[in-house]
Amino acid sequence: MISQWRLRAAFAARLSDMYGREVPAYTTLVDVSREVNEEVLRARGADAERLGSISRVTAERHGAIRVGTPAELRQVARVFGALGMHPVGFYDLREAASSAVPVVSTAFRPVDGDELARNPFRVFTSMLTPADPRFFDTDLRDRLETFLAARELFPPTLLDLADRAEAEGGLSEQDAEPFLRLAVAAFELSPEPIDRAWYETLEKVSAVAADIGGVRSTHINHLTPRVLDIDELYRRMTERGIEMIDTIQGPPACQGPDLLLRQTSFRALAEPRALRAPDGGVTSGALRVRFGEVEARGIAVTREGRALYDRLLTLVDEQAAQHPGAERTELARALWTEHVPGTERDLAAQGLGYFTYRVTPGRPGDGSRPPQALGDLLDQGWVRAEPIVYEDFLPRSAAGIFQSNLSGEGSRDNERQGAAYDSAWLSGALDREVLDPYALYERQRDHSLAQVARELELDGPPG
Ligand code: OOG
Ligand code: NI
C-alpha cells in the first residue's frame with residue numbers, strides 16, 4: 001500500500017518534472033533556489049532549519065490551478081483528497097485585485113503537523129465566477145457556462161482511483177501508477193487548438209477568464225519552490241538575465257524573524273499554442289499565461305498579527321500616495337521596523353505569532369514545582385517555544401501575482417453589485433468544509449500546551 005503522503009510527494013515531484021519540461025525557466029528557478037538554500041544552510045547552520053528541515057524545504061512546492069465551475073472544483077477536491085490535501089481558507093481575489101480577476105479561491109494542503117513535515121505540497125485553486133455581473137453580462141455568462149458544462153477535465157478512471165485512495169488512505173502499487181499518471185496528465189498543457197475568437201472574447205473581459213474558460217482543459221499555471229533567502233534569489237535570477245516582476249510581495253526584508261510569506265515571480269513567457277481561426281484553419285500562436293514563482297515562508301501570525309500586517313500595508317499605500325517619489329520597499333521597511341517585534345520572544349509575548357511549546361529536555365531538577373504561567377515557564381527555562389510555519393497564502397500578494405502577469409487590465413463594471421461568495425458558500429459548492437487556517441494553527445499550539453501540561457503535571461494547560 002502506498003500511503004497518501006507518498007502519493008502526494010510523488011505527485012508533486014512528477015508535476016515539477018513535467019512543468020520543468022514545459023517551462024524550462026522554472027528549472028532554473030529550482031536550481032537557483034537549491035543553490036541559495038545550500039548556502040544559507042552552510043552559513044546559518046541549524047538556525048536555517050528553524051522553519052522546516054532542509055529536506056522538507058528542498059522538496060517543498062506549491063502549485064496554482066484554475067477551474068471553471070463548482071462541479072469541476074468538487075472533482076479537483078477528490079483528486080487532492082486522495083493526496084491528503086484539504087481545502088483551507090477562502091480568498092476573494094475579485095476584491096483584492098484592481099484589474100479584472102474574476103475568481104474566488106482556496107488552497108488544498110495537508111493540515112496535520114506530521115503530514116506537513118512529510119511533504120507540505122499545496123495547490124492554490126481558483127474558480128471562475130461567471131455569475132458576477134461586474135465582469136460578465138447575461139449573454140456571455142450563458143455562453144461561458146454552456147462551454148464549461150460541456151468539457152471534462154478529469155477522466156472517470158482518475159476520479160474512481162482518487163475516491164479509493166481517499167477512502168482507504170492510499171493505493172496499491174498497481175493502482176498508484178495509473179492514478180499518478182492520470183493526475184499529472186490532467187494538468188498538462190493541452191495541444192488541442194484553441195478557438196481564437198472565443199478566447200479573445202473572454203480576454204477582453206479578463207485574461208484569467210480566457211485562460212480558464214477559453215480552453216477545453218486545465219493546466220498548472222505555475223509552480224513555486226521555497227527559498228530561504230528570497231532577496232538573494234531575486235538578485236541571482238536577475239543576474240542570469242531572467243526578467244522578474246518588479247517587487248517581492250509580502251512583508252519587506254527586515255531584521256528579526258521572517259513572518260508570513262514573501263513571494264516573487266518571473267514574467268509569464270510566450271508559449272506556442274495552436275489556435276483555430278473562424279474559417280477552421282489552425283495556426284501557431286503564442287500565449288503568455290504561465291510563469292514561475294518562488295517564495296520564502298515565515299512564522300504564522302495570529303488574527304492580531306494579521307490585523308497588524310494589513311494595517312501596515314494600508315499605511316504603506318497611504319504614504320506612497322503622499323510621497324510619489326518614495327520607494328515602497330523603503331517605506332515598508334521603516335514601518336515594519338517601527339511596529340513589528342524583532343524577536344520571536346516578543347512576537348509570542350504580544351500574541352502576534354503562533355508557536356508550539358515543548359518541555360526542555362534534561363532541565364536540571366532542583367526539586368521545585370514548575371510555575372503555571374506560560375511566560376514563567378519560558379523565562380525559567382522549563383519550556384521552549386518553536387515557531388509554526390505559515391502554510392497559507394496572502395490575498396494581496398496573490399492578486400499581485402495574478403496582475404503582474406496579466407496581458408491587459410480587462411474590464412469590470414464597478415457600478416454593479418458583485419455576486420456574493422464566501423467561505424460557507426465555497427464549503428457548500430465543494431461539499432467539503434473549507435477549513436479556517438487560524439483554527440488549524442491554534443489546534444497545533446493547543447495540542448503542544450496540553451502535552452506540556454501532562455509532562456509537567458500542571459493544573460491544566462499553561463496560559
Ligand atoms: C494563483 C495566484 C496566487 C500565490 O502564490 O499567491 C498564488 C494563480 O495565478 O492562479 O499562487
Ligand atoms: Ni503561487
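What you are looking at is a predicted structure, and each value in this text was computed from that prediction instead of being measured. One-based numbering, in listed order, for ligands and for the atoms of each.
- Environment of CD in Q417: sparse, with no more than 12 heavy atoms of neighbouring residues, nucleotides or ligands closer than 6.0 Å.
- For a distance bound of 2.8 Å, the N, O or S atoms of E295 include none lying that close to the Ni ion (ligand 2).
- Side-chain atoms of S16 and Y26 include a donor-acceptor pair closer than 3.5 Å.
- Counting protein heavy atoms only, atom 10 (O) of ligand 1 is closest to R66 NE, 2.8 Å.
- Only one option out of M85, H86, Q444 pairs with V111 in a side chain to side chain contact (heavy atoms under 4.5 Å, CB included); it is H86.
- For the pair R122 and F11, the cation does not sit on the ring face, since its NZ or CZ is not both under 6.0 Å from the ring centre and inside 45° of the axis.
- Considering the Ni ion (ligand 2) as centre, the angle to OE1 of E293 and to NE2 of H222 is 90° (10° rounding).
- Looking at atom 1 (C) of ligand 1, its nearest protein heavy atom turns out to be F402 CE1, 3.4 Å.
- Residue H222 places a heavy atom under 4.0 Å from ligand 1.
- Here the protein heavy atom with the shortest distance to atom 3 (C) of ligand 1 is A398 CB, 3.5 Å.
- Judged by distance alone, the side chains of T224 and E293 do bring a donor and an acceptor atom under 3.5 Å apart.
- Between Q403 and S99, the side chains place a donor N or O and an acceptor N or O closer than 3.5 Å (distance only, hydrogens not considered).
- Across the listed options Q263, E295, R122, Q263 owns the non-hydrogen atom lying nearest to atom 5 (O) of ligand 1.
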